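What you see is a predicted model, and the numbers here were worked out from it, not measured in a lab.
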Amino acid sequence: MVQTAPSKVDLADKFGQFSDHWAPRIVARYNDNEVRLAKAEGDFQWHSHTDSDELFLVVSGTLTMEFRGHTEVLEQGQMIVVPRGTEHRPRALNGEVQMVIIDPKDTANTGDPATATKAIDL
């Protein structure tokens, strides 16, 4: 098996390559997971992921993560893991948010492949 040498990913450079919101870009893969970058502004929809947890890491901006019953506000450098099956709604209410999201490969960002924006390679 041929292995490729690891190489760094420059997040600022990658974020500079796209401008649309709520449309994840895959920047790395490991152990059947995808490391995705997303820009967000405004509201996303309520959803859950029945088969996997989901990690959000805020790179810039303020992300509000609503759950049924409580809300968490994440600032730059903060992260949250949403447990599988937990209904949630990410919101960027105070301008654009840049975030890293880690999901198992091919996970629909809405929890439903029929309504998802497919993550694409960057």
Side-chain angles (χ1 to χ4, degrees):
M1 178 167 83
V2 176
Q3 292 184 339
T4 59
S7 60
K8 66 183 175 184
V9 175
D10 184 314
L11 297 181
D13 174 65
K14 296 295 186 184
F15 276 117
Q17 294 181 33
F18 66 100
S19 60
D20 47 341
H21 296 120
W22 305 111
R25 301 303 200 279
I26 302 165
V27 295
R29 291 180 173 80
Y30 73 97
N31 298 334
D32 291 329
N33 292 304
E34 294 174 344
V35 178
R36 304 171 178 184
L37 302 185
K39 293 181 177 181
E41 195 164 39
D43 292 336
F44 197 59
Q45 65 190 63
W46 282 100
H47 68 283
S48 64
H49 303 275
T50 57
D51 297 325
S52 66
D53 301 339
E54 186 172 33
L55 182 146
F56 293 84
L57 169 65
V58 176
V59 175
S60 69
T62 301
L63 181 69
T64 300
M65 187 66 71
E66 290 187 343
F67 301 97
R68 301 294 186 187
H70 82 285
T71 299
E72 294 287 345
V73 177
L74 289 83
E75 302 290 342
Q76 178 178 335
Q78 296 181 321
M79 60 175 263
I80 192 166
V81 175
V82 178
R84 70 187 71 207
T86 302
E87 196 171 18
H88 59 288
R89 177 171 67 163
R91 305 175 80 194
L93 302 174
N94 299 313
E96 186 175 83
V97 173
Q98 294 181 348
M99 59 188 155
V100 175
I101 304 167
I102 300 178
D103 281 315
K105 70 177 181 177
D106 300 325
T107 297
N109 67 337
T110 61
D112 177 2
T115 61
T117 301
K118 182 166 176 45
I120 59 173
D121 287 301
L122 188 62

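With Asp121 as the fixed residue, the salt bridge (Lys or Arg N to Asp or Glu O under 4.0 Å) test singles out one of Arg29, Arg36, Lys105: Arg29. If you run side chain to side chain contact (heavy atoms under 4.5 Å, CB included) between Leu63 and each of Val73, Val97, Asn94, only Val97 comes through.
Atom-to-atom distance recorded for Glu41:CD and Ser19:OG is 11.0 Å, nearest 0.5 angstrom. Here His21 contributes atom NE2 and Gln98 contributes atom CD; the two are 9.0 Å apart, rounded to the nearest 0.5 Å. Note that CG of Asp32 and CG of Asp103 are 13.0 Å apart. Values are rounded to the nearest 0.5 Å. Going from atom NE2 of His47 over to atom CD of Glu87 covers 9.5 Å, rounded to the nearest 0.5 Å. Rounding to the nearest 0.5 angstrom, the gap separating the CD1 atom in Ile101 from the CG atom in Leu37 is 8.5 Å.
Nearest approach of Asn109 to Pro24, heavy atoms of both residues: ND2-CD, 3.8 Å. Annotation for Met99 and Ala40: closest pair CE-CB, 3.6 Å, computed over non-hydrogen atoms.
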Next item on the list: Let me see the working for Thr71 and Glu66 under side-chain hydrogen bond (donor to acceptor under 3.5 Å, both in side chains), right down to the final yes or no.
Entry: CA-CA 4 Å; Thr71 299; Glu66 290 187 343; 4.7 Å; no

Note to self: For Gln78 and Ile80: C-alpha separation, side-chain torsions, deciding distance, then whether side-chain contact (heavy atoms from CB on, under 4.5 Å) applies.
What the structure shows: CA-CA 7 Å; Gln78 296 181 321; Ile80 192 166; over 6 Å; no

Item checked: Residues Val35, Val100; criterion side-chain contact (heavy atoms from CB on, under 4.5 Å); working and verdict -> CA-CA 7 Å; Val35 178; Val100 175; 3.8 Å; yes

Margin query: As a quick check of understanding, evaluate side-chain contact (heavy atoms from CB on, under 4.5 Å) for Met65 and Phe67, giving each step before the final call.
Written below: CA-CA 7 Å; Met65 187 66 71; Phe67 301 97; 3.4 Å; yes

Notebook entry, point to check: What do the steps show when you test Met79 against Phe56 for side-chain contact (heavy atoms from CB on, under 4.5 Å), and what is the final call?
Noted result: CA-CA 5 Å; Met79 60 175 263; Phe56 293 84; over 6 Å; no

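No side-chain donor from either of Gln76 and Ser60 sits under 3.5 Å from a side-chain acceptor of the other.
A heavy-atom distance below 4.5 Å is not found between the side chains of Arg25 and Phe15. In this structure, the side chains of Glu54 and Ile102 stay at 4.5 Å or more apart for every pair of heavy atoms.
Checked for salt-bridge contact, Lys8 and Asp13 miss the test: no charged N lies under 4.0 Å from a carboxylate O.
Here the side chain of Asn31 pairs no donor or acceptor atom with the backbone of Asn33 at under 3.5 angstrom. Arg84 places a side-chain N or O within 3.5 Å of a backbone atom of Asp51 that can act as its donor or acceptor partner. Remark: the backbone N or O of Thr86 is paired with a side-chain donor or acceptor of His88 at under 3.5 angstrom. For Lys39 (side chain) and Phe18 (main-chain N/O), a donor-acceptor pair under 3.5 Å exists by modelled atom type.
Using bins of under 30°, 30° to 60° and over 60° for the plane-to-plane angle, the ring pair Phe44/Trp22 lands in the parallel bin.
Val59 and Ile26 are not part of a single hydrophobic cluster, where members link through side-chain heavy atoms under 4.5 Å apart. Connection of Leu122 to Leu11 is established within a shared hydrophobic cluster, with ILVMFWY side chains joined at heavy-atom distances below 4.5 Å, either directly or through further cluster members.
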